[in-house]
*Asks:* 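Structure in structure tokens, see below.
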Amino acid sequence: MDIPREGHAEKLRRKRILYIIVGVGLLGAAWFAVANLEPAARSIEADSLWMEEVKRGEMLREVRGPGTLVPEEIRWIGALTDGRVERILIKPGAEVTEDSVILELSNPAVERASRDAELQLQSAEADYLDLKVRLDSEQLSQQASAAAVEADYREAVLEAEANEQLSSDGLISNIELRRSQIRAEQLANRHRIEQQRLEKTAESLEAQLGSQRARLRQAEALFDLRKREMAGLEVRATLSGVLQQVPVEEGQQVSPGTNLARVARPDLLKAELRIAETQAKDVQVGQVARIDTRNGVIDGQVQRIDPAAQDGTVTVDVTLTGDLPRGARPQLSVDGTVELERLEDVLYVGRPAYGQPFGKIGLFRISEDGGTAHRVQVELGRSSVSTFEIVNGLQVGDKVILSDTSAYDNEDTLRLR
């Protein structure tokens with residue numbers, strides 16, 4: 001027969017309650033532990049990152065910008081007068097000399113004016129010669145008259161002196177002596193007047209000839225102008241080089257000053273670089289530059305800096321001091337680098353994907369085992385094309401991630417795979 005056990009159900013109930021309490025406690029402890037765990041670091045492929053080691057030594061500061069090769073000597077040939085383009089003799093791209101005729105213009109009015117100016121010059125020359133002959137003749141007549149008066153004057157002086165001697169000897173009367181003296185005085189006055197007239201005649205001759213010479217020079221200047229206009233109907237290069245442009249067509253009517261052709265010297269080139277305005281502030285005239293034509297590198301020197309910025313860039317002209325490589329020609333696209341300065345014994349690293357000079361950025365520094373990268377605040381200094389000066393936050397030998405890590409701005413640690 002069964003024997004009833006007293007208190008057994010109560011023991012089971014208490015044990016069950018105990019188990020429940022212990023289970024709830026364990027669940028609470030587990031939840032507390034999980035809640036206080038740090039989130040797992042995000043993983044990233046190490047091979048996809050650009051990493052570089054921090055170094056100390058000489059840092060070369062440079063700025064870089066695209067540009068083009070342009071001729072240093074360019075000449076636009078303009079029209080001297082109205083005209084019609086009759087023929088274009090040379091096409092762009094051809095080599096020309098100073099006397100090469102590029103195109104021909106026609107203008108009947110210019111041709112007629114040139115002939116008229118030539119006739120006017122011939123007439124002015126004839127008038128000048130005629131006046132000179134007449135004035136020379138008048139001057140000779142005046143000189144002859146003055147010479148005759150002078151001869152009479154000298155004769156009268158001799159007669160007066162002789163009569164004085166005869167009068168002292170009592171051979172002639174005093175009246176006769178006085179007459180000879182008066183005649184000598186009269187001829188002396190006439191001689192003086194004739195000399196003055198001779199001087200005035202010479203002055204008048206020079207004045208009249210000067211006036212006629214002025215008219216002659218005016219006719220010569222007009223003829224030279226018409227002759228230049230006539231010669232301008234044959235448009236010449238005036239510079240040895242390569243014909244770059246002929247911006248007119250046959251049959252086109254042009255006016256004075258219209259650009260008819262552009263000639264440039266292909267052997268004298270310079271580089272026009274477009275430097276970002278934020279970097280151009282340190283560029284100075286005389287700094288060393290290098291121009292990469294993709295077929296060779298040419299040494300150069302900064303010649304001019306444009307005072308104004310355009311579209312966020314500043315134009316910098318670089319004179320080429322090295323030899324031009326083959327294929328170098330005007331309008332060739334190039335890349336230029338300007339050397340700003342050399343910094344001695346500074347801490348530097350490669351240029352990060354973002355960051356401004358003298359600013360602060362967060363960079364991921366690689367741990368010694370290479371398994372993780374931790375964000376550190378880095379203070380930057382002066383910048384170059386491919387490097388940045390490190391002012392604070394890193395040490396020599398530190399390896400940092402320079403790639404764009406903006407996708408991990410909320411992460412302080414990365415796990416490298």
Side-chain angles (χ1 to χ4, degrees), residues 50 52-74 264-361 378-391 400 402-404:
W50 172 34
E52 193 167 304
E53 186 176 317
V54 178
K55 300 176 183 178
R56 177 177 290 279
E58 181 185 72
M59 172 181 158
L60 179 61
R61 289 191 65 216
E62 299 175 319
V63 293
R64 179 179 297 167
T68 54
L69 293 182
V70 298
E72 283 200 42
E73 189 171 359
I74 299 175
R265 289 189 57 180
D267 57 328
L268 290 179
L269 300 176
K270 66 179 179 180
E272 286 186 352
L273 303 180
R274 296 180 295 278
I275 306 297
E277 59 184 346
T278 56
Q279 300 177 349
K281 59 183 176 59
D282 294 327
V283 179
Q284 298 179 4
V285 173
Q287 289 175 335
V288 176
R290 295 186 304 279
I291 306 300
D292 186 1
T293 65
R294 300 174 182 82
N295 193 30
V297 178
I298 317 171
D299 293 331
Q301 191 175 47
V302 176
Q303 177 191 38
R304 187 189 72 90
I305 304 170
D306 198 315
Q310 186 175 6
D311 297 330
T313 62
V314 176
T315 300
V316 176
D317 290 350
V318 175
T319 299
L320 304 181
T321 57
D323 296 332
L324 295 176
R326 296 186 61 182
R329 56 174 55 89
Q331 305 309 315
L332 179 69
S333 297
V334 297
D335 286 324
T337 303
V338 179
E339 181 178 317
L340 302 179
E341 62 179 331
R342 292 180 179 270
L343 304 177
E344 302 292 341
D345 192 28
V346 296
L347 199 65
Y348 67 93
V349 74
R351 192 180 185 95
Y354 53 91
Q356 296 296 326
F358 304 102
K360 291 184 177 181
I361 61 171
V378 178
E379 185 178 350
L380 302 177
R382 291 163 289 188
S383 67
S384 183
V385 173
S386 58
T387 55
F388 250 116
E389 179 186 11
I390 302 299
V391 177
V400 294
L402 302 179
S403 305
D404 184 8

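All residue numbers refer to positions in the sequence shown, counting from 1.
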*Asks:* Working note: D299 + R290, criterion side chain to side chain contact (heavy atoms under 4.5 Å, CB included); need CA distance, chi angles, decisive distance, verdict.
*Replies:* CA-CA 5 Å; D299 293 331; R290 295 186 304 279; 4.2 Å; yes
*Asks:* Identify the two heavy atoms, one from P66 and one from D335, that lie closest to each other, and give their separation to 0.1 Å.
*Replies:*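 Heavy atoms only, the tightest pair is CA-OD1, 3.7 Å.
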*Asks:* Is any side-chain heavy atom of L60 closer than 4.5 Å to one of E339?
*Replies:*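 The answer is yes; the side chains approach within 4.5 Å.
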*Asks:* Closest approach of S383 and R351, non-hydrogen atoms and distance?
*Replies:*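 Heavy atoms of S383 and R351 come nearest at CB-NH1, 3.5 Å.
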*Asks:* Do E52 and K55 meet the salt-bridge criterion of a basic N to acidic O distance under 4.0 Å?
*Replies:*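 No salt bridge links K55 with E52.
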*Asks:* Could you tell me whether the side chain of E272 reaches within less than 4.5 Å of the side chain of V316, counting heavy atoms only?
*Replies:*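 Side-chain contact under 4.5 Å: no.
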*Asks:* Distance check, rounded to the nearest 0.5 Å: Q279 atom CD versus L340 atom CG?
*Replies:*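 Result: 8.5 Å between the selected atoms.
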*Asks:* Using modelled atom types only, decide if a donor and an acceptor are shared between the side chain of T293 and the backbone of G296 within a distance under 3.5 Å.
*Replies:*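 Looks like yes, one N/O pair under 3.5 Å.
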*Asks:* Would R382 and E389 satisfy salt bridge (charged side-chain N to carboxylate O under 4.0 Å, His left out), going step by step from the backbone distance to the final call?
*Replies:* CA-CA 5 Å; R382 291 163 289 188; E389 179 186 11; 3.0 Å; yes
*Asks:* Could you report the tightest heavy-atom contact between R64 and T337, atom names first, then the distance?
*Replies:*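 The answer is NE-OG1, 3.5 Å.
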*Asks:* Which pair of non-hydrogen atoms, one from V349 and one from E53, has the smallest distance, and what is that distance?
*Replies:* CG2-O, 4.0 Å
*Asks:* Just wondering, do L380 and I390 contact through their side chains at under 4.5 Å, heavy atoms?
*Replies:* yes
*Asks:* Determine, step by step, whether T319 and D317 satisfy the side chain to side chain contact (heavy atoms under 4.5 Å, CB included) criterion, reporting the C-alpha distance in whole Å, the side-chain angles of both residues, the deciding distance to 0.1 Å, and the verdict.
*Replies:* CA-CA 7 Å; T319 299; D317 290 350; over 6 Å; no
*Asks:* May I ask you to say whether E341 pairs ionically with R61, meaning some side-chain N is under 4.0 Å from a carboxylate O?
*Replies:*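 Judged by the 4.0 Å cut-off on N to carboxylate O distance, E341 and R61 do form a salt bridge.
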*Asks:* Give the minimum heavy-atom separation between I291 and G336, together with the two atoms involved.
*Replies:* CD1-CA, 3.9 Å
*Asks:* About how many Å separate CD1 of I305 and CD of Q284, when rounded to the nearest 0.5 Å?
*Replies:*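 With rounding to 0.5 Å, CD (Q284) is 7.0 Å from CD1 (I305).
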*Asks:* Working to the nearest 0.5 Å, report the span between CG of D267 and CD of E73.
*Replies:*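 Interatomic distance, D267 CG to E73 CD, rounded to 0.5 Å: 9.0 Å.
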*Asks:* On a heavy-atom basis, which atom in L69 and which in R329 lie closest, and how many Å separate them?
*Replies:*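 So the minimum-distance heavy-atom pair works out to CB-O, 3.7 Å.
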*Asks:* Is the closest side-chain heavy-atom distance between P330 and V70 below 4.5 Å?
*Replies:* no
*Asks:* Would you say that R326 contacts N295 through its side chain, given a criterion of any heavy-atom pair below 4.5 Å between the two side chains?
*Replies:*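 A side-chain contact exists here, since the closest heavy-atom pair is under 4.5 Å.
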*Asks:* Answer whether the closest heavy-atom distance between the side chains of D282 and V63 falls below 4.5 Å.
*Replies:* no
*Asks:* Measure the spacing between CZ of R56 and CG of D345 and express it to the nearest 0.5 Å.
*Replies:*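 Atom-to-atom, R56:CZ and D345:CG are 5.0 Å apart.
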*Asks:* What distance separates Q356 CD from F388 CZ, expressed to the nearest 0.5 Å?
*Replies:* 6.5 Å
*Asks:* How many angstroms lie between CD in Q331 and CG in L269, if you round to the nearest 0.5 Å?
*Replies:*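 CG of L269 is found 10.0 Å from CD of Q331.
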*Asks:* Taking the side chain as C-beta and beyond, is there a heavy-atom pair between L324 and I298 under 4.5 Å?
*Replies:* yes
